[in-house]
Amino acid sequence: AQSVTQLDSHVSVSEGTPVLLRCNYSSSYSPSLFWYVQHPNKGLQLLLKYTSAATLVKGINGFEAEFKKSETSFHLTKPSAHMSDAAEYFCVVSEDYGQNFVFGPGTRLSVLP
Amino acid sequence: NAGVTQTPKFQVLKTGQSMTLQCAQDMNHEYMSWYRQDPGMGLRLIHYSVGAGITDQGEVPNGYNVSRSTTEDFPLRLLSAAPSQTSVYFCASCSGGGYNEQFFGPGTRLTVL
């Protein structure tokens with residue numbers, strides 16, 4: 001069975017400093033991996049997805065994630081945080097090609113001025 | 001394209017009442033899902049459908065019913081509302097296959113008194 005662990009429930013950074021949100025997954029097969037962002041009282045927006053074409057994935061708003069099979073990790077990074085990045089971030093794994101997406105518990109990112 | 005739409009946006013029910021949350025998508029996606037979001041728990045799958053006439057249970061199906069008579073619509077029925085069903089509900093759709101992501105509706109905030 002697939003599962004997702006997000007190691008930090010809350011991360012706080014200063015504006016202009018790097019962001020690291022950690023995600024580890026468990027999957028029996030080659031998984032699809034995604035990061036979604038949810039701003040307060042909003043729906044979920046796709047940040048990026050791992051498609052097996054490249055291990056380093058670039059997404060919207062300057063975010064990147066690196067797929068490391070040996071570490072079963074898919075950590076999300078951004079070189080410089082912006083106030084507008086403050087939101088909840090969810091790591092998601094799927095191994096059934098659309099039938100079964102499993103969400104991590106989420107990491108709340110706070111950005112301090 | 002409107003994408004995934006959900007109605008209503010907000011709903012207050014009394015214990016024991018029934019209601020239907022509506023979800024529609026105009027992207028001709030085969031896969032549709034219902035999730036509930038509770039603080040600290042990410043999104044949990046309630047029911048999903050891989051095509052018209054086909055539905056299956058997710059992680060937390062008790063107290064909910066679904067049907068899929070058309071590709072576009074996937075309503076979620078609460079049979080007899082309980083306070084434990086107070087949550088935010090999200091509908092999602094996906095074209096399936098490969099590494100395709102889910103598209104989410106804006107959510108329905110449900111309170112059961």
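By convention in this document, chain letters (A, B, ...) are assigned in the order of the sequence lines, proteins followed by strands, and residues within each chain are numbered from 1.
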At a heavy-atom separation under 4.5 Å, does [X] approach chain B through its side chain, its backbone, both, or neither?
| X | value |
| --- | --- |
| A:L46 | side chain |
| A:K42 | backbone |
| A:E88 | neither |

I need the residue from B:M32, B:E59, B:Q37 with the largest number of non-hydrogen atom pairs under 4.5 Å to chain A.
B:Q37

Would you say [X] and [Y] are hydrophobically clustered, going by side-chain heavy atoms of ILVMFWY under 4.5 Å?
| X | Y | answer |
| --- | --- | --- |
| B:V4 | B:F10 | no |
| B:Y31 | B:Y64 | no |
| A:V57 | A:Y89 | yes |
| A:I60 | A:F67 | yes |
| A:V37 | A:V13 | yes |

Measure distances from B:Q6 to the heavy atoms of chain A and classify the residue's part below 4.5 Å as side chain, backbone, both or neither.
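B:Q6 has no heavy atom closer than 4.5 Å to chain A.
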
Do the side chains of B:E101 and A:Y36 get nearer than 4.5 Å, heavy atoms only?
yes

With a 4.5 Å limit on heavy-atom distance, are the side chains of A:Q38 and B:F90 in contact?
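Result yes, sub-4.5 Å side-chain heavy-atom pair found.
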
Residue pair B:L43, A:V92: steps toward the side chain to side chain contact (heavy atoms under 4.5 Å, CB included) verdict
CA-CA 10 Å; B:L43 274 72; A:V92 182; over 6 Å; no

Only counting residues at least two apart or in another chain, list the ones meeting salt bridge (Lys or Arg N to Asp or Glu O under 4.0 Å) with B:R68.
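B:R68 satisfies salt bridge (Lys or Arg N to Asp or Glu O under 4.0 Å) with no other residue.
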
Residues from residues 104-113 of chain B approaching chain A under 4.5 Å (heavy atoms):
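Interface residues of residues 104-113 of chain B: B:F104, B:G105, B:P106, B:R109.
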
Centroid-centroid distance, A:F101 to B:Y48, less than 6.0 Å
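Distance test on ring centres: not under 6.0 Å, no.
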
